[in-house]
> 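My questions all concern the structure below.
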Protein chains: 2
Amino acid sequence: MDIFNLSSRELGLLIFLAQNRAAEREIEITTTQLANFFHISQQTASRCLLKLNKLEIVTWKSSPKGSLVKLTSDGVYMLDQLRLELEKALHPDLMSIKIRGTITTGKGEGKYYISQPGYMESFKKKLGFKPFLGTLNVKIKSDCIKQLELIRGSWPIIIENFENEERTFGKVLCYPLKIVGLDAKVVGIIPQRTHHPSNVLELISKLNLRDTLNLKDDDEIEIEFPLEYKRESD
Amino acid sequence: MDIFNLSSRELGLLIFLAQNRAAEREIEITTTQLANFFHISQQTASRCLLKLNKLEIVTWKSSPKGSLVKLTSDGVYMLDQLRLELEKALHPDLMSIKIRGTITTGKGEGKYYISQPGYMESFKKKLGFKPFLGTLNVKIKSDCIKQLELIRGSWPIIIENFENEERTFGKVLCYPLKIVGLDAKVVGIIPQRTHHPSNVLELISKLNLRDTLNLKDDDEIEIEFPLEYKRESD
DNA sequence: ATTACTATTTTGCGAGTAG
DNA sequence: TCTACTCGCAAAATAGTAA
(Lines give C-alpha, C1' and ligand atoms only; values in the text may rest on other atoms or scores of the structure.)
Protein backbone atom coordinates (compact mmCIF):
# COMPACT_ATOMS: atom_id res chain seq x y z
CA MET A 1 0.00 0.00 0.00
CA ASP A 2 1.34 3.35 -1.08
CA ILE A 3 0.59 6.70 0.48
CA PHE A 4 -0.07 8.15 -2.97
CA ASN A 5 -3.02 5.84 -3.48
CA LEU A 6 -4.95 7.62 -0.76
CA SER A 7 -7.18 10.51 -1.64
CA SER A 8 -6.24 13.81 -0.12
CA ARG A 9 -9.25 13.55 2.14
CA GLU A 10 -8.08 10.22 3.48
CA LEU A 11 -4.58 11.52 3.93
CA GLY A 12 -5.85 14.55 5.80
CA LEU A 13 -7.95 12.33 7.99
CA LEU A 14 -5.00 10.09 8.73
CA ILE A 15 -2.86 13.07 9.74
CA PHE A 16 -5.65 14.48 11.84
CA LEU A 17 -6.09 11.20 13.69
CA ALA A 18 -2.37 10.88 14.32
CA GLN A 19 -2.20 14.44 15.60
CA ASN A 20 -4.89 13.48 18.05
CA ARG A 21 -2.76 10.61 19.29
CA ALA A 22 -4.58 7.85 17.46
CA ALA A 23 -1.23 6.25 16.68
CA GLU A 24 -0.73 5.33 20.32
CA ARG A 25 -4.21 4.37 21.43
CA GLU A 26 -7.86 4.20 20.46
CA ILE A 27 -9.46 7.60 20.39
CA GLU A 28 -13.14 8.41 20.56
CA ILE A 29 -14.53 10.40 17.71
CA THR A 30 -17.75 10.78 15.75
CA THR A 31 -18.11 11.11 12.04
CA THR A 32 -19.98 14.36 12.61
CA GLN A 33 -16.99 15.87 14.38
CA LEU A 34 -14.76 14.87 11.49
CA ALA A 35 -17.29 16.23 9.03
CA ASN A 36 -17.30 19.60 10.78
CA PHE A 37 -13.55 19.78 11.01
CA PHE A 38 -12.99 19.04 7.36
CA HIS A 39 -16.11 20.84 6.13
CA ILE A 40 -17.45 17.74 4.49
CA SER A 41 -20.65 15.79 5.00
CA GLN A 42 -21.04 13.25 7.75
CA GLN A 43 -21.58 10.61 5.09
CA THR A 44 -18.29 11.32 3.42
CA ALA A 45 -16.46 11.19 6.74
CA SER A 46 -18.08 7.84 7.39
CA ARG A 47 -17.09 6.55 3.98
CA CYS A 48 -13.51 7.71 4.49
CA LEU A 49 -13.17 5.90 7.79
CA LEU A 50 -14.74 2.85 6.24
CA LYS A 51 -12.16 2.87 3.50
CA LEU A 52 -9.20 3.47 5.81
CA ASN A 53 -10.46 0.58 7.86
CA LYS A 54 -10.79 -1.68 4.84
CA LEU A 55 -7.25 -0.80 3.81
CA GLU A 56 -6.13 -1.75 7.33
CA ILE A 57 -4.73 1.70 7.92
CA VAL A 58 -6.92 2.16 10.98
CA THR A 59 -8.86 -0.15 13.22
CA TRP A 60 -12.33 1.10 13.78
CA LYS A 61 -15.11 0.08 16.07
CA SER A 62 -18.32 1.89 15.31
CA SER A 63 -21.44 1.92 17.40
CA PRO A 64 -24.56 4.06 17.67
CA LYS A 65 -22.69 6.04 20.34
CA GLY A 66 -19.67 6.94 18.26
CA SER A 67 -16.45 5.45 17.01
CA LEU A 68 -13.19 4.20 18.41
CA VAL A 69 -10.29 4.64 16.02
CA LYS A 70 -6.64 3.70 16.16
CA LEU A 71 -3.93 3.73 13.54
CA THR A 72 -2.46 0.38 12.64
CA SER A 73 1.26 -0.03 12.09
CA ASP A 74 0.46 0.26 8.39
CA GLY A 75 -1.14 3.60 9.11
CA VAL A 76 1.97 4.86 10.86
CA TYR A 77 4.01 3.51 7.99
CA MET A 78 1.97 5.62 5.56
CA LEU A 79 2.96 8.71 7.50
CA ASP A 80 6.61 7.68 7.71
CA GLN A 81 6.55 7.04 4.01
CA LEU A 82 5.16 10.47 3.22
CA ARG A 83 7.74 12.02 5.48
CA LEU A 84 10.56 10.36 3.59
CA GLU A 85 9.12 11.46 0.26
CA LEU A 86 8.86 15.01 1.57
CA GLU A 87 12.40 14.88 2.85
CA LYS A 88 13.58 13.87 -0.58
CA ALA A 89 11.44 16.59 -2.11
CA LEU A 90 12.83 19.32 0.12
CA HIS A 91 16.39 18.03 -0.10
CA PRO A 92 16.79 16.49 -3.53
CA ASP A 93 20.56 16.51 -3.20
CA LEU A 94 20.58 14.25 -0.18
CA MET A 95 22.14 10.98 -1.24
CA SER A 96 22.06 9.15 2.04
CA ILE A 97 20.89 9.40 5.60
CA LYS A 98 23.55 9.03 8.28
CA ILE A 99 22.82 7.75 11.74
CA ARG A 100 25.08 7.48 14.73
CA GLY A 101 24.60 5.02 17.54
CA THR A 102 26.38 3.06 20.19
CA ILE A 103 26.80 -0.67 20.52
CA THR A 104 24.62 -2.28 23.13
CA THR A 105 23.94 -5.83 24.21
CA GLY A 106 20.44 -7.16 23.67
CA LYS A 107 18.79 -9.95 25.55
CA GLY A 108 19.89 -12.45 22.97
CA GLU A 109 16.46 -12.34 21.41
CA GLY A 110 17.79 -11.32 18.06
CA LYS A 111 19.86 -14.46 17.83
CA TYR A 112 16.88 -16.61 18.81
CA TYR A 113 14.66 -15.06 16.18
CA ILE A 114 16.94 -15.01 13.21
CA SER A 115 17.99 -18.58 13.89
CA GLN A 116 14.47 -19.76 13.17
CA PRO A 117 14.57 -21.82 9.99
CA GLY A 118 11.44 -20.08 8.75
CA TYR A 119 13.24 -16.77 8.76
CA MET A 120 16.62 -18.08 7.72
CA GLU A 121 15.25 -19.38 4.44
CA SER A 122 13.75 -16.00 3.58
CA PHE A 123 16.90 -14.16 4.55
CA LYS A 124 18.95 -16.25 2.17
CA LYS A 125 16.45 -15.85 -0.62
CA LYS A 126 15.56 -12.19 -0.26
CA LEU A 127 18.75 -10.68 1.09
CA GLY A 128 21.12 -12.88 -0.83
CA PHE A 129 23.20 -14.03 2.10
CA LYS A 130 22.98 -16.34 5.08
CA PRO A 131 23.29 -14.13 8.12
CA PHE A 132 25.61 -14.78 11.02
CA LEU A 133 23.55 -16.14 13.91
CA GLY A 134 23.46 -13.03 16.01
CA THR A 135 22.51 -9.39 15.76
CA LEU A 136 24.48 -6.28 16.47
CA ASN A 137 22.29 -4.01 18.57
CA VAL A 138 22.83 -0.34 17.97
CA LYS A 139 21.29 2.21 20.27
CA ILE A 140 20.56 5.21 18.12
CA LYS A 141 21.73 8.54 19.52
CA SER A 142 18.83 10.74 20.51
CA ASP A 143 19.61 13.38 17.90
CA CYS A 144 19.41 10.74 15.16
CA ILE A 145 15.99 9.34 16.02
CA LYS A 146 14.41 11.34 13.21
CA GLN A 147 16.76 9.78 10.72
CA LEU A 148 15.72 6.35 11.97
CA GLU A 149 12.12 7.34 11.36
CA LEU A 150 13.02 8.34 7.83
CA ILE A 151 14.42 4.90 7.20
CA ARG A 152 11.17 3.40 8.42
CA GLY A 153 9.43 5.41 5.72
CA SER A 154 11.24 3.58 2.95
CA TRP A 155 9.96 0.47 1.27
CA PRO A 156 11.44 -2.47 3.18
CA ILE A 157 12.37 -5.93 2.07
CA ILE A 158 9.76 -8.00 3.84
CA ILE A 159 10.59 -11.29 5.46
CA GLU A 160 7.30 -13.10 5.69
CA ASN A 161 5.68 -14.34 8.86
CA PHE A 162 5.39 -18.05 9.50
CA GLU A 163 4.56 -20.43 12.30
CA ASN A 164 6.03 -23.59 13.67
CA GLU A 165 4.55 -26.08 16.13
CA GLU A 166 4.99 -23.84 19.11
CA ARG A 167 4.17 -20.31 18.06
CA THR A 168 3.86 -17.76 15.28
CA PHE A 169 6.59 -15.43 14.13
CA GLY A 170 5.67 -12.05 12.66
CA LYS A 171 7.00 -10.28 9.62
CA VAL A 172 10.43 -8.72 9.72
CA LEU A 173 11.18 -5.52 7.85
CA CYS A 174 14.68 -5.28 6.39
CA TYR A 175 16.55 -2.18 5.32
CA PRO A 176 19.82 -2.48 3.40
CA LEU A 177 22.37 -0.22 5.08
CA LYS A 178 26.05 0.41 5.26
CA ILE A 179 28.29 0.71 8.25
CA VAL A 180 30.66 3.56 7.52
CA GLY A 181 34.08 2.03 7.12
CA LEU A 182 32.87 -1.46 6.25
CA ASP A 183 32.20 -2.73 2.76
CA ALA A 184 30.18 -5.82 3.61
CA LYS A 185 26.44 -5.90 3.12
CA VAL A 186 24.59 -5.00 6.28
CA VAL A 187 20.86 -5.09 6.87
CA GLY A 188 18.86 -3.38 9.60
CA ILE A 189 15.93 -5.46 10.81
CA ILE A 190 12.79 -4.31 12.57
CA PRO A 191 10.08 -6.75 13.67
CA GLN A 192 6.82 -5.47 12.23
CA ARG A 193 4.97 -5.54 15.53
CA THR A 194 7.39 -3.14 17.08
CA HIS A 195 6.10 0.10 15.75
CA HIS A 196 6.35 1.52 19.22
CA PRO A 197 9.19 3.94 19.20
CA SER A 198 12.29 1.82 19.54
CA ASN A 199 15.66 3.48 19.56
CA VAL A 200 17.54 0.25 19.05
CA LEU A 201 18.28 -0.99 15.57
CA GLU A 202 19.41 -4.55 15.04
CA LEU A 203 21.93 -5.20 12.32
CA ILE A 204 22.62 -8.48 10.59
CA SER A 205 25.29 -9.47 8.13
CA LYS A 206 27.09 -12.48 6.77
CA LEU A 207 29.86 -11.52 9.16
CA ASN A 208 30.02 -11.45 12.90
CA LEU A 209 29.96 -7.67 12.99
CA ARG A 210 30.98 -7.34 16.59
CA ASP A 211 34.13 -9.36 16.05
CA THR A 212 34.96 -8.10 12.57
CA LEU A 213 34.81 -4.50 13.64
CA ASN A 214 36.21 -5.30 17.06
CA LEU A 215 33.38 -3.54 18.83
CA LYS A 216 32.71 -3.30 22.55
CA ASP A 217 29.61 -1.99 24.25
CA ASP A 218 29.26 1.80 24.05
CA ASP A 219 31.53 2.04 21.03
CA GLU A 220 30.08 4.46 18.52
CA ILE A 221 29.42 3.56 14.90
CA GLU A 222 27.95 5.44 11.98
CA ILE A 223 25.34 3.88 9.75
CA GLU A 224 24.47 5.07 6.29
CA PHE A 225 21.19 4.57 4.50
CA PRO A 226 21.41 5.22 0.76
CA LEU A 227 18.45 7.01 -0.82
CA GLU A 228 17.14 6.05 -4.20
CA TYR A 229 15.22 8.43 -6.33
CA LYS A 230 12.76 6.15 -7.96
CA ARG A 231 9.41 5.73 -6.40
CA GLU A 232 7.69 2.36 -6.51
CA SER A 233 5.40 2.34 -9.52
CA ASP A 234 2.45 0.94 -7.58
CA MET B 1 -3.65 28.41 0.25
CA ASP B 2 -3.65 25.26 2.30
CA ILE B 3 -1.94 22.01 1.44
CA PHE B 4 -5.11 20.11 2.30
CA ASN B 5 -6.99 21.81 -0.49
CA LEU B 6 -4.88 20.05 -3.07
CA SER B 7 -6.03 16.76 -4.46
CA SER B 8 -3.74 13.85 -3.76
CA ARG B 9 -2.80 13.83 -7.41
CA GLU B 10 -1.69 17.43 -7.27
CA LEU B 11 0.19 16.81 -4.05
CA GLY B 12 1.94 13.82 -5.55
CA LEU B 13 2.84 15.85 -8.60
CA LEU B 14 4.21 18.65 -6.44
CA ILE B 15 6.38 16.22 -4.49
CA PHE B 16 7.56 14.56 -7.66
CA LEU B 17 8.55 17.89 -9.18
CA ALA B 18 10.41 18.93 -6.04
CA GLN B 19 12.23 15.61 -5.93
CA ASN B 20 13.38 16.34 -9.44
CA ARG B 21 14.82 19.67 -8.32
CA ALA B 22 12.01 21.83 -9.66
CA ALA B 23 12.24 23.89 -6.47
CA GLU B 24 15.60 25.27 -7.52
CA ARG B 25 15.21 25.71 -11.24
CA GLU B 26 13.00 25.12 -14.24
CA ILE B 27 12.93 21.50 -15.25
CA GLU B 28 11.92 20.03 -18.58
CA ILE B 29 9.13 17.54 -18.49
CA THR B 30 6.27 16.33 -20.67
CA THR B 31 2.76 15.58 -19.58
CA THR B 32 3.14 12.11 -21.05
CA GLN B 33 6.07 11.37 -18.76
CA LEU B 34 4.03 12.48 -15.78
CA ALA B 35 1.09 10.43 -16.98
CA ASN B 36 3.23 7.30 -17.21
CA PHE B 37 4.81 7.85 -13.83
CA PHE B 38 1.51 8.32 -12.05
CA HIS B 39 -0.43 5.86 -14.20
CA ILE B 40 -2.93 8.49 -15.24
CA SER B 41 -3.91 9.81 -18.63
CA GLN B 42 -1.90 12.50 -20.35
CA GLN B 43 -4.94 14.76 -20.23
CA THR B 44 -5.21 14.52 -16.49
CA ALA B 45 -1.53 15.31 -16.09
CA SER B 46 -2.03 18.34 -18.28
CA ARG B 47 -4.99 19.51 -16.26
CA CYS B 48 -3.12 19.01 -12.99
CA LEU B 49 -0.25 21.18 -14.14
CA LEU B 50 -2.72 23.73 -15.39
CA LYS B 51 -4.32 23.87 -11.99
CA LEU B 52 -1.07 24.05 -10.05
CA ASN B 53 -0.08 26.86 -12.34
CA LYS B 54 -3.32 28.70 -11.78
CA LEU B 55 -2.89 28.36 -8.02
CA GLU B 56 0.58 29.86 -8.43
CA ILE B 57 2.18 26.78 -6.96
CA VAL B 58 4.30 26.27 -10.05
CA THR B 59 5.29 28.41 -12.99
CA TRP B 60 4.78 26.61 -16.22
CA LYS B 61 5.72 27.31 -19.79
CA SER B 62 4.22 24.85 -22.21
CA SER B 63 5.05 24.44 -25.86
CA PRO B 64 4.53 21.78 -28.53
CA LYS B 65 7.97 20.48 -27.54
CA GLY B 66 7.27 19.96 -23.88
CA SER B 67 6.99 21.91 -20.66
CA LEU B 68 9.22 23.89 -18.35
CA VAL B 69 8.12 23.76 -14.74
CA LYS B 70 9.42 25.37 -11.56
CA LEU B 71 7.97 25.55 -8.08
CA THR B 72 7.12 28.99 -6.77
CA SER B 73 7.86 29.98 -3.19
CA ASP B 74 4.22 29.15 -2.49
CA GLY B 75 4.87 25.69 -3.84
CA VAL B 76 7.78 25.19 -1.49
CA TYR B 77 5.65 26.55 1.32
CA MET B 78 3.05 23.86 0.61
CA LEU B 79 5.69 21.21 1.17
CA ASP B 80 7.01 22.88 4.32
CA GLN B 81 3.48 23.07 5.59
CA LEU B 82 2.82 19.40 5.01
CA ARG B 83 6.09 18.59 6.72
CA LEU B 84 5.07 20.46 9.83
CA GLU B 85 1.68 18.75 9.91
CA LEU B 86 3.39 15.39 9.56
CA GLU B 87 5.80 16.26 12.32
CA LYS B 88 2.90 17.04 14.60
CA ALA B 89 1.18 13.85 13.50
CA LEU B 90 4.20 11.67 14.24
CA HIS B 91 5.05 13.50 17.47
CA PRO B 92 1.76 14.64 18.96
CA ASP B 93 3.42 15.29 22.30
CA LEU B 94 5.80 17.86 20.93
CA MET B 95 4.80 21.21 22.38
CA SER B 96 7.49 23.37 20.88
CA ILE B 97 10.40 23.33 18.51
CA LYS B 98 13.75 24.43 19.91
CA ILE B 99 16.46 25.97 17.81
CA ARG B 100 19.97 26.97 18.77
CA GLY B 101 21.98 29.61 17.03
CA THR B 102 24.71 32.15 17.48
CA ILE B 103 24.53 35.91 17.33
CA THR B 104 25.90 37.45 14.20
CA THR B 105 26.05 40.94 12.79
CA GLY B 106 24.13 41.62 9.62
CA LYS B 107 24.83 44.31 7.10
CA GLY B 108 22.41 46.63 8.80
CA GLU B 109 19.79 45.77 6.21
CA GLY B 110 17.35 44.58 8.80
CA LYS B 111 17.31 47.96 10.44
CA TYR B 112 16.81 49.69 7.08
CA TYR B 113 13.88 47.51 6.18
CA ILE B 114 11.94 47.48 9.38
CA SER B 115 12.34 51.26 9.73
CA GLN B 116 10.25 51.75 6.60
CA PRO B 117 7.01 53.40 7.66
CA GLY B 118 5.05 51.05 5.42
CA TYR B 119 6.28 48.09 7.44
CA MET B 120 6.25 49.81 10.80
CA GLU B 121 2.52 50.47 10.59
CA SER B 122 1.77 46.82 9.90
CA PHE B 123 4.08 45.63 12.64
CA LYS B 124 2.24 47.73 15.18
CA LYS B 125 -1.14 46.61 13.93
CA LYS B 126 -0.49 42.93 13.39
CA LEU B 127 2.12 42.12 16.01
CA GLY B 128 0.80 44.43 18.67
CA PHE B 129 4.03 46.24 19.37
CA LYS B 130 6.31 48.81 17.84
CA PRO B 131 9.61 47.05 17.23
CA PHE B 132 12.97 48.41 18.23
CA LEU B 133 14.71 49.75 15.13
CA GLY B 134 17.11 46.94 14.60
CA THR B 135 17.18 43.20 14.19
CA LEU B 136 19.05 40.54 16.09
CA ASN B 137 20.59 38.22 13.54
CA VAL B 138 20.85 34.63 14.65
CA LYS B 139 22.86 32.15 12.66
CA ILE B 140 21.12 28.84 13.11
CA LYS B 141 23.36 25.94 14.02
CA SER B 142 23.64 23.42 11.25
CA ASP B 143 21.97 20.66 13.22
CA CYS B 144 18.92 22.88 13.75
CA ILE B 145 18.29 23.80 10.12
CA LYS B 146 15.50 21.23 9.92
CA GLN B 147 13.75 22.85 12.84
CA LEU B 148 13.94 26.19 11.04
CA GLU B 149 12.31 24.56 8.04
CA LEU B 150 9.53 23.31 10.28
CA ILE B 151 8.85 26.84 11.43
CA ARG B 152 8.58 27.92 7.81
CA GLY B 153 5.83 25.35 7.44
CA SER B 154 3.60 27.14 9.93
CA TRP B 155 1.10 29.78 9.01
CA PRO B 156 2.87 33.12 9.36
CA ILE B 157 1.58 36.54 10.24
CA ILE B 158 1.98 38.36 6.96
CA ILE B 159 3.21 41.93 6.78
CA GLU B 160 1.96 43.18 3.45
CA ASN B 161 4.12 44.50 0.66
CA PHE B 162 3.99 48.17 -0.26
CA GLU B 163 5.89 50.67 -2.31
CA ASN B 164 7.13 54.17 -1.80
CA GLU B 165 8.49 56.67 -4.31
CA GLU B 166 11.77 54.88 -4.76
CA ARG B 167 11.11 51.16 -4.76
CA THR B 168 8.86 48.29 -3.76
CA PHE B 169 9.11 46.32 -0.55
CA GLY B 170 8.00 42.69 -0.50
CA LYS B 171 5.96 40.82 2.03
CA VAL B 172 7.51 39.86 5.34
CA LEU B 173 6.59 36.62 7.07
CA CYS B 174 6.49 36.79 10.87
CA TYR B 175 6.67 33.92 13.33
CA PRO B 176 6.00 34.51 17.03
CA LEU B 177 8.81 32.92 19.00
CA LYS B 178 10.39 32.93 22.40
CA ILE B 179 13.98 33.35 23.40
CA VAL B 180 14.60 30.86 26.16
CA GLY B 181 15.17 32.87 29.31
CA LEU B 182 13.37 35.99 28.13
CA ASP B 183 9.70 36.72 28.66
CA ALA B 184 9.26 39.51 26.15
CA LYS B 185 7.47 38.91 22.86
CA VAL B 186 9.90 38.11 20.09
CA VAL B 187 9.13 37.64 16.42
CA GLY B 188 11.22 35.96 13.76
CA ILE B 189 10.97 37.67 10.39
CA ILE B 190 11.69 36.23 6.96
CA PRO B 191 11.34 38.32 3.79
CA GLN B 192 9.10 36.36 1.44
CA ARG B 193 11.49 36.55 -1.49
CA THR B 194 14.15 34.72 0.43
CA HIS B 195 12.96 31.20 0.08
CA HIS B 196 16.48 30.24 -0.81
CA PRO B 197 17.88 28.33 2.10
CA SER B 198 18.95 30.96 4.57
CA ASN B 199 20.44 29.91 7.86
CA VAL B 200 20.08 33.32 9.43
CA LEU B 201 16.93 34.24 11.27
CA GLU B 202 16.25 37.86 12.14
CA LEU B 203 14.50 38.58 15.39
CA ILE B 204 12.61 41.73 16.31
CA SER B 205 11.10 42.81 19.58
CA LYS B 206 9.98 45.89 21.41
CA LEU B 207 13.30 45.69 23.20
CA ASN B 208 16.82 46.08 21.97
CA LEU B 209 17.51 42.39 22.29
CA ARG B 210 21.24 42.65 21.95
CA ASP B 211 21.51 45.08 24.84
CA THR B 212 18.81 43.58 27.01
CA LEU B 213 20.36 40.15 26.89
CA ASN B 214 23.86 41.58 26.79
CA LEU B 215 24.80 39.59 23.73
CA LYS B 216 28.02 39.68 21.76
CA ASP B 217 28.70 38.09 18.40
CA ASP B 218 29.06 34.29 18.57
CA ASP B 219 27.11 34.08 21.81
CA GLU B 220 24.69 31.18 21.68
CA ILE B 221 20.97 31.52 22.29
CA GLU B 222 18.09 29.11 22.22
CA ILE B 223 14.85 29.96 20.45
CA GLU B 224 11.56 28.22 21.07
CA PHE B 225 8.69 27.96 18.64
CA PRO B 226 5.42 26.94 20.31
CA LEU B 227 3.23 24.50 18.38
CA GLU B 228 -0.51 24.81 18.32
CA TYR B 229 -2.75 21.92 17.63
CA LYS B 230 -5.50 23.54 15.70
CA ARG B 231 -5.34 23.56 11.99
CA GLU B 232 -6.60 26.54 10.05
CA SER B 233 -10.18 25.86 9.08
CA ASP B 234 -9.67 26.87 5.46
C1' DA C 1 6.39 14.91 -31.00
C1' DT C 2 3.83 17.83 -28.04
C1' DT C 3 -0.49 20.39 -25.48
C1' DA C 4 -5.24 20.69 -24.69
C1' DC C 5 -10.06 20.84 -26.47
C1' DT C 6 -14.70 18.22 -26.46
C1' DA C 7 -17.60 14.26 -25.54
C1' DT C 8 -18.46 10.46 -22.72
C1' DT C 9 -17.88 7.59 -18.79
C1' DT C 10 -16.77 7.01 -14.06
C1' DT C 11 -16.21 8.42 -9.58
C1' DG C 12 -17.55 10.60 -5.54
C1' DC C 13 -20.22 14.01 -2.90
C1' DG C 14 -24.23 15.31 -0.12
C1' DA C 15 -29.27 14.81 1.01
C1' DG C 16 -32.56 12.00 2.86
C1' DT C 17 -33.36 8.44 5.83
C1' DA C 18 -33.30 3.60 8.05
C1' DG C 19 -31.36 0.91 11.81
C1' DT D 1 -28.08 10.93 19.18
C1' DC D 2 -24.98 7.83 16.41
C1' DT D 3 -23.52 4.94 11.66
C1' DA D 4 -24.26 4.01 6.99
C1' DC D 5 -27.47 2.81 3.28
C1' DT D 6 -29.57 4.45 -1.55
C1' DC D 7 -30.11 7.86 -4.95
C1' DG D 8 -29.48 11.92 -7.86
C1' DC D 9 -26.33 15.09 -9.34
C1' DA D 10 -21.88 17.24 -9.93
C1' DA D 11 -17.04 16.88 -10.46
C1' DA D 12 -13.26 14.61 -12.52
C1' DA D 13 -11.20 11.10 -15.31
C1' DT D 14 -10.44 8.99 -19.96
C1' DA D 15 -10.74 8.60 -25.11
C1' DG D 16 -10.51 10.68 -29.31
C1' DT D 17 -8.67 14.22 -31.80
C1' DA D 18 -7.30 19.08 -33.35
C1' DA D 19 -3.61 22.33 -33.50
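Just so it is clear, the model here is predicted, and its values are computed rather than measured. All chains are named by letter (A, B, ...) in the order of the sequence lines, taking the proteins before the strands, and each is independently numbered beginning at 1.
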> Is A:Ser46 touching bases, backbone alone, or none of the nucleic acid, heavy atoms closer than 4.0 Å?
base
> In whole angstrom, what separates A:Asn53's CG from D:dT3's P?
13 Å
> I'd like to know if A:Lys146 and B:Glu87 make a salt bridge, using a cut-off of under 4.0 Å between side-chain N and carboxylate O.
yes
> Without swapping roles, check the side chain of B:Gln81 against the backbone of B:Asp2 for a donor-acceptor pair under 3.5 Å.
no
> Measure from NZ on A:Lys54 to C1' on D:dT3 and round the result to the nearest Å.
15 Å
> Rounded to the nearest angstrom, tell me the gap between atom CD in B:Glu28 and atom P in C:dA1.
18 Å
> Donor-acceptor pair, distance only, cut-off 3.5 Å: does the side chain of B:Thr135 make one with the backbone of B:Asn137?
no
> Among C:dT3, D:dT3, D:dC5, which is the nearest nucleotide to the side chain of B:Thr32?
C:dT3
> For a quick check of understanding: with a heavy-atom distance under 4.0 Å over all strands, which category does B:Ile40 fall into, base, sugar-phosphate or nothing?
sugar-phosphate
> Rounded to whole Å, how long is the line connecting atom NE2 of B:His39 with atom P of D:dA13?
16 Å
> Measure CG/A:Leu50 against C1'/D:dT6 and give the value in whole Å, please.
15 Å
> Report which part of the nucleic acid B:Ser63 touches: base, sugar-phosphate, or nothing (heavy-atom distance under 4.0 Å, all strands).
sugar-phosphate
> Starting from the 5' end of DNA chain D, give me the residue, B:Arg47 or A:Ser62, whose nearest nucleotide shows up first.
A:Ser62
> Count the heavy atoms belonging to other residues, nucleotides or ligands that lie under 6.0 Å from NZ of A:Lys126, then report whether that count exceeds 12.
yes
> Ring-plane angle category for B:Tyr112 and B:Phe169, please: parallel below 30°, perpendicular beyond 60°, tilted otherwise.
tilted
> Categorize B:Ser7 for me: base, sugar-phosphate, or nothing, with a 4.0 angstrom heavy-atom threshold over every strand shown.
nothing
> Specify the separation, in whole Å, of atom CZ of A:Arg9 and atom P of C:dT11.
18 Å
> Among side-chain atoms of B:Glu56 and B:Thr72, is any donor-acceptor pair under 3.5 angstrom?
no
> What does A:Leu49 touch in the nucleic acid at a heavy-atom separation under 4.0 angstrom: a base, only the sugar-phosphate, or nothing?
nothing
> With no angle test and no hydrogens, is the base of C:dA4 tied to the side chain of B:Gln42 by a donor-acceptor pair under 3.5 Å?
yes
> Could you tell me whether the side chain of B:Phe4 reaches within less than 4.5 Å of the side chain of A:Ile15, counting heavy atoms only?
yes
> Rounded to whole angstrom units, what separation is found between the NZ atom of B:Lys51 and the P atom of D:dA11?
12 Å
> Hey, are the side chains of B:Phe16 and B:Ile29 touching, using non-hydrogen atoms and a 4.5 Å cut-off?
yes
> Classify A:Thr30 by what it touches in the nucleic acid, base, sugar-phosphate, or nothing, heavy-atom distance under 4.0 Å.
sugar-phosphate
> Does A:Gln43 contact C:dG16 through a side-chain donor or acceptor facing the base, at a distance under 3.5 Å?
yes
> Relative to the 5' end of DNA chain C, which residue comes earlier, A:Thr44 or A:Pro64, by the nucleotide with the nearest heavy atom?
A:Thr44
> How large an angle, rounded to 10°, do the end axes of the helix from C:dT2-D:dA19 to C:dG19-D:dC2 enclose when each is built from five base pairs?
40°
> Tell me the interatomic distance from B:Ile29, atom CD1, to C:dA1, atom P, rounded to whole angstroms.
18 Å
